[in-house]
Structure formats: C-alpha cells, structure tokens
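Since the structure comes first, as structure tokens, the remarks are kept for the end.
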Amino acid sequence: MTELLLEARAAQKYFPVQKGLLFAKTVGHIKAVDGVSFSIEEGKTFGLVGESGCGKTTMAKCILLLEKLTSGQVFVGGRDISKLNGEQLKQYRGMVQAVFQDPYSSLSPRMRVRDIVAEPVVVNRRLSRKELKERVTEVMGVVGLHEEMGNRYPHEFSGGQRQRVAVARALSLSPKLMVLDEPISALDVSIRAQIMNLLRQLQAQYSLSYLLIAHDLAVVRHMSDQVGVMYLGKIVEYADSNELYAKTLHPYTKALVSAAMPSEPGVRRDEIVLSGEVPSPLNPPPGCRFHPRCPFAMPKCSEGEPALVEAFPGHKVACFLHSDKVAQPEATTVSSNGKKPS
Amino acid sequence: MADGNGNTPLLQVKDLKTYLFTRYAVVRAVDGITFDLKEGENLGLVGESGCGKTMTGLSLLRLLPQPAGRIVGGQIIFDGQDILTLDDDEFRKLRGTQMSMILQDPMTSLNPVFTIGDQVGEPLLLHQGLKGNGLKDKVVELLRLVRIPVAEVRVRDFPHQMSGGMRQRIVGAIAMSCNPKLLIADEPTTALDVTTQIYFLKLMRELQQQFGMAMIWITHDFGIVNRMCDRIAVMYAGRFMEIGPLVEMFKRPVHPYTIALLNSVPRVDRKVDQLYSIEGQPPDLRQEMVGCPFAPRCSRVKPICREQYPDEVVLDSSHKAYCWDVK
C-alpha cells in the first residue's frame, strides 16, 4: 500500500540545564522529547496533540534539523536524517518544509511577499530569473493569492493571507513533507476554515504528507489520518484518528476530548477535569508521568512506567489500565492533589 | 437558566456606540448595540477579533483606551442608574465592587512587583476598608476559594512563581473580591492550556452558583459559550447579527453569519470532508458602512443589504436577528 515517508524511532531530545557561570556544570536535563516513535505515510497527515511544553514543537524542530536529536533516529525516505550532508542535506531541506504558528512573526517585514516566497528556491535551486518568477506566480496562485500581491509587504496582508504566504513559501520547493506547527491557532475563527480547507486541498493535489502539531483535538481530528497524543515528552496514545475518537483509552486523551468542548448544547458527556498543572519536564514524576493528575491512578502507576503497547490492532496506549486489558476500574472522583508542581 | 426574580434587568444597554478617534480615522468599534442582562445570567458575546466585543466590555466598565476611545451614543443602565452620567469618582465606587472584569492574559494583568496578597487585597482595602489581620484573612479565604494550594503561604509569592492557570484564578479572585453583581470575562481562557481551561471554567461555574453574579463571556470559542452561557450574541463589525438563547442559537440559527460561523468550526465528535469557509475578510471599521456589514461576504445577499442596515427581526421574545433575508 502506501509507503512510509517518515519514521521516528525512539527519538530523544534532552536539553542540558547548567548552573554557574565560569565553571558551568550540567545539573540536569530537560527531557523535552523522551523516546518518541511514530511514522507518517506518504500523502497522509499525522497529528501530534498535547499541551504546551509537552515536546511536540521540539520534535518538529528535530525533524526540520533545527535541533539535533540526543539519541534515536528519524528516517525520511529511508535515510537517517542525522547522517545527511552536502548535496543530500540540501535535497532534504527542499523535501521538508514548515509552516509556523504566527504569520505575524514568521514573515520578514522588510521583504516583499514575492521575495519571501522565492527565497527557498533562490537558496536551494538554480533557476533563471524567468523560471523563478514563473514558479513564484504559480505557487502564489495555488494558495489563492494574486500575482500582483507579490509586490506588497507582509504588513499589508491580513492574518489569513499571511498564512497563505507562509504556505506558498513552504510549497515553493515542492516538498514531500510539511511540518505544520499550530498553523491556524493565530487566525480568526472564520479564517481558520479557509486555511484548513486549503491545506487539505493541497494535500490531495500534491500528495503531501503533513506533520500537524496542534493542541485542539477538533482541529487534529479534522485534519489527521493518525494521531499521537503527547504528554511530557512521551506519546501516551497513538491510533487512527477515527479510532482514537471512537475508542479513547488513555485518561489524558479522554481529558483532552472533553476539553475539546461539546459542539452542541445539551450534549454533556462525562467530563474529565484534571486538577493541577503539567509538571516540569526537568523533574518528571516517577512512574507514569501522568499519574499525579490522573483520576484513575492506581498504586502501581507511581512505581513503574507503563510501556506503549498495542491494546487493539493499530491502537497503542501507554497506561496500566489497558496494558493487560483488565476491565476498567470504576471512575473515582477527581482528587485535588494540592501538590505544588516543582 | 439562572434567572433573577425582579422584572427589571440588571444591565440594560441601549444603542451603545463606542468610537475610537485616532489621528487618521474614526474607528467605529461598537456601532449601536442593544441588549439586557438579568441577574445571575450568563451572556456570551461571540465574534472574530476586531468585531468590537472587547470594546463593548471596556465600555461597560468605562475603561476605554484614552484619549482615543469615547462612548458617543447610547445608554448603559446598570442596577437602575445610567452609568454614563456618573462622574469619575462616583463610577469608581461602582467599578471593582458592583462590576468587575477578568482580562485575557494573566501574564500581563498581574503586576510583577507586588505579591499576590497585595494585589488580591487592594480592592478590599480600597472599597471595603479592610485592614490588618482582617484583610489578611479575607485574602487567604479568597485564594482558598479559587483553589490555590497552601494559600496562607502563597499570599507572599509573586506572580512569576505561579503557573498560568493559578494566575488566572488569582485574577478571578481579585475580580470577585467585593462580590460584584456583574463580572465581565474577556477571553479568560485563551492564554491557558486546554486542560487548565476546563478546570478554570468549572471553578467559575461553581463560584457563580455560590455568589450568583451575572457574567458576560467575551470569546471567539463556541465551546466556552456552550459550556457557560444561557444566551449568545453574535457580533460582527461592531454590531449584533443575532442574539438568542443558547440552544435556540445552536439548533436554529437564522442569520447567515451565525450559520457560517457554526459550520466553519471543526468538531470533535464527527468528521466532515470540508469545512464551510466564509470567503473574504471582515470589513475595515475605519470606513463608514452602508447597509449590512456582512453583505460583502454573505451568500444570501440581496440588493437591499448593501443599501440599508436591516431592521430587527423578532423571532420570539428573546431570539432576535438583524438580517433582510430572515422572516
């Protein structure tokens, strides 16, 4: 069937924390990404969901080679991206492009839109001036911008149009994989649908693969084929998008689903309200990282860390509730642990 | 629905117009809105950024950016008195005691150089004249109310020592400190993480049951409205498009903008192939508008829409829309 375009195997990214100025020594590590594995098929979208600080953006940066993995590998098109150099690296950069969250800060205010869209091509390819102009006009047309808009500066555009410029820039090298880091969170409600529709249409047209990073489950559901839910640097649940919503297993995912809000009044599902905050990745809690906030926590959750196991075909979950497929214990009320996150 | 027993509403806003007079142009931020709010009621003010919902909130508290912002027309009757006729000193007695506000970003709405205790205590000191131990006890009590763990120790902490969710709860405690009758929450959870968001909303709901204040929720998120509100007003370009009870608005929206907005939001409970998208951009409020502001983006536009602002169409006593195409 479809081929794997990207595969991450036990990816880890630790940031050292140093103390002292002259004789700085490393006193600990922030485990931003701690053993994350996932894969993206060609032409499909993989959604990475989680709250801020869970490591989803760090993972994206590692894929874009803006950060180097501490350990583990990422394979794109069968090649380990950490071993690329020279011409191959250049090729890789053309193959993988990104669209960032805030089009107000990701576009240079001093460049004309035409030059912004052209820049990746100028850097990575050798095209004549005429070919370059044609390419820019083409990608701008694809994202729904007129050619003459190219002469303007980013500040003359609205948020939605700016995000279109960012998409055009990413498209200019005909990439295979696009990393979309919260591509719509900075946009207005009525504009979000425009950009989501555009991204899906482009995917169908060019069989692009997307790595979509978002915190809103409804958005991820709309866009993704597969979803990974991240909590404190680890994937806690991993499944097909439809499967994940039909059969949510991990308590954290359940909390996210109930946080994604009812879309209609009256539909009040069981709500899981978490108390407390996400603990610091510098000093994650022992055992399951979610257990201090988990309404279903059992004694063994604080002792050992549950592995990511396949509970149903293609549906993985890291939770003791499901690791041995025991019947789900009765829901206890959410306890306020009153602990101060360190 | 939380309903007051009196017949006169707590708040009546009549044809409120708030303009911003900048050096280059006059921005018609709020251009004639009318609504009322009963005691203990939750009204959601929904719209895109720049539609005037925040300016509406700030007008109610007379906190408009100075010197640009001015209320140029209309009436705001709160608890029987027209607050636009009060002078600043008189109004100051009302703001913070009878009506208060929770702002969007708890990172910037708390002062970084004062302790939590100082900031929560300030309205109590100013409005209720509490001092010494009485003040301290009340502050700790308020912090406990918003579930700050070990409140008696954390009163001495500074805002940066608190997480985002705690900070927003502290802002909530400040706003609630003098038992206001009206609380305006301007995008209170936008800066918070999803799971913290729910916790905050649930807490607010409990506090509201305890203290019975009316609330205006300013938001662009239908989920929040859905969870918290009794009625919704949909705003666009400084005007109301539609206002009505929550269930009515979700089940039977009539205004093309409301319908489009509801259809453009992805849903967690089902997957659609394509979202409805509203083409075009919201209008520039610096230009005077003729006709319905939504006309250029509306799929059901008629010639008259471009010429004249629609009259109010009353569907039933509480559900009203402003559209020529609605009967």
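Since we're looking at a predicted model, the values are computed, not measured. What's counted below: heavy atoms across the whole structure, side chains too, no hydrogens, waters or symmetry copies. To find a chain, count down the sequence lines: A is the first, B the second, and so on, and within it residues start at 1.
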What is the minimum heavy-atom distance between A/Leu274 and B/Tyr199, and which atoms define it?
O-CD1, 3.5 Å
Kindly give the heavy-atom pair with the smallest separation between A/Ser52 and B/Asp193, and that separation in Å.
OG-OD2, 2.6 Å
Just verifying a value: how many Å separate B/Gln274 CD and A/Arg200 CZ, rounded to the nearest 0.5 Å?
8.0 Å
For B/Arg300, does the CZ atom sit with more than 12 other heavy atoms under 6.0 Å from it, leaving out its own atoms?
yes
Considering all heavy atoms of both residues, which atom of B/Leu275 and which atom of A/Asn197 are nearest to each other, and what is their separation?
O-ND2, 2.7 Å
What part of B/Val194 gets within 4.5 angstrom of chain A, counting heavy atoms only: side chain, backbone, both, or neither?
both
Which portion of A/Asn242 sits near chain B, non-hydrogen atoms under 4.5 angstrom:
side chain
Please round to the nearest 0.5 Å and tell me the distance separating atom OG of A/Ser190 and atom CZ of B/Arg297.
4.0 Å
Can you tell which part of A/Ser224 gets under 4.5 Å to a heavy atom of chain B, answering side chain, backbone, both or neither?
backbone
Side-chain donor-acceptor contact under 3.5 Å, A/Arg192 with B/Ser277
no
Show the nearest heavy-atom pair for residues B/Lys202 and A/Val273, with the distance to one decimal.
CD-CG2, 3.5 Å
Does the side chain of A/Gln161 come within less than 4.5 Å of B/Gln281's, by heavy atoms?
yes
Need one label for B/Tyr276: side chain, backbone, both or neither, based on atoms under 4.5 Å from any heavy atom in chain A.
backbone
Quick one: pull up CD in A/Glu51 and CD in B/Gln197 and give me the separation to the nearest 0.5 Å.
10.0 Å
Is there a side-chain contact between A/Arg221 and B/Pro266 (heavy atoms, below 4.5 Å)?
no
